[in-house]
Amino acid sequence: MALRSIRTIGDEILLRPSREVTELTPRLKELIGDMYDTLYEADGVGLAAVQVGVLRRIIVIDVGDGPITLINPRLLEKSGEQKGNEGCLSVPGKVGLVTRPNYVKILYYDENMQPQELEATELLARGICHELDHLEGELYVDRVEGELKDVEEEEEENEGKGKGKGKGRGRK
Ligand code: ZN
């Protein structure tokens with residue numbers, strides 16, 4: 001396993017849709033291991049394969065409840081709404097306000113290529129939506145309401161208000 005370099009905004013690969021995985025080859029298994037190494041090293045909560053330059057529909061995500069690998073994920077249901085700050089490992093140093101569903105249900109394949117369903121709410125639902133966008137070549141910056149802010153600026157604002165916005169701050 002190894003760290004992979006994270007592609008950042010301006011790299012055109014981030015705007016391209018990823019292809020379905022038909023077989024989990026040893027090479028793709030190694031990729032998944034590397035994606036976790038890269039995710040944890042960067043202190044992120046989610047990473048799509050395209051972010052390390054591989055146009056495959058693979059997501060790794062960990063919002064603090066353990067790792068989940070999503071292969072060929074597809075949205076089945078969504079409901080509700082949550083507004084919160086979002087960041088992205090491919091857009092370093094920035095955060096912006098994004099509205100997402102508060103609940104999602106997805107179909108995906110696990111690392112044995114077995115179909116699974118997952119229901120998620122709040123931070124995990126936000127993370128999944130953010131990563132699904134990556135698979136379509138979309139970045140959260142196009143969904144931001146108002147201005148994209150510098151991370152430091154946002155933290156100062158929160159201090160001023162006397163309350164932190166811990167939730168939803170994770171970079172994906
Ligand atoms: Zn992202």
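The analysis underlying the following values was restricted to heavy atoms, covering all of them including side chains, and did not include hydrogens, waters or symmetry mates. Order of appearance sets the numbers: ligands from 1, and atoms from 1 within every ligand.
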Practice item. Quick one: pull up CZ in R4 and CG in L31 and give me the separation to the nearest 0.5 Å. Key: 5.0 Å

Review point. Would you say the side chains of D62 and Y40 form a donor-acceptor pair under 3.5 Å?
Key: yes

**Study point:** salt bridge (charged side-chain N to carboxylate O under 4.0 Å, His left out) partners for R100, two or more places apart
**Key:** E86, D133

**Study point:** Heteroatoms of the protein, restricted to N/O/S, which lie under 2.8 Å from the Zn ion (ligand 1)
**Key:** C88 SG, H130 NE2, H134 NE2, K172 O

Point to revise | Pairing residues for K83 by the side chain to side chain donor-acceptor pair (under 3.5 Å) criterion, not counting sequence neighbours | key: T99, E145

Review point. Is it true that atom CD of Q116 has more than 12 heavy atoms of other residues, nucleotides or ligands lying nearer than 6.0 Å?
Key: yes

Study note, to complete from the structure: Excluding L107, membership of its hydrophobic cluster (Ile, Leu, Val, Met, Phe, Trp, Tyr; side-chain heavy atoms within less than 4.5 Å) reads L76

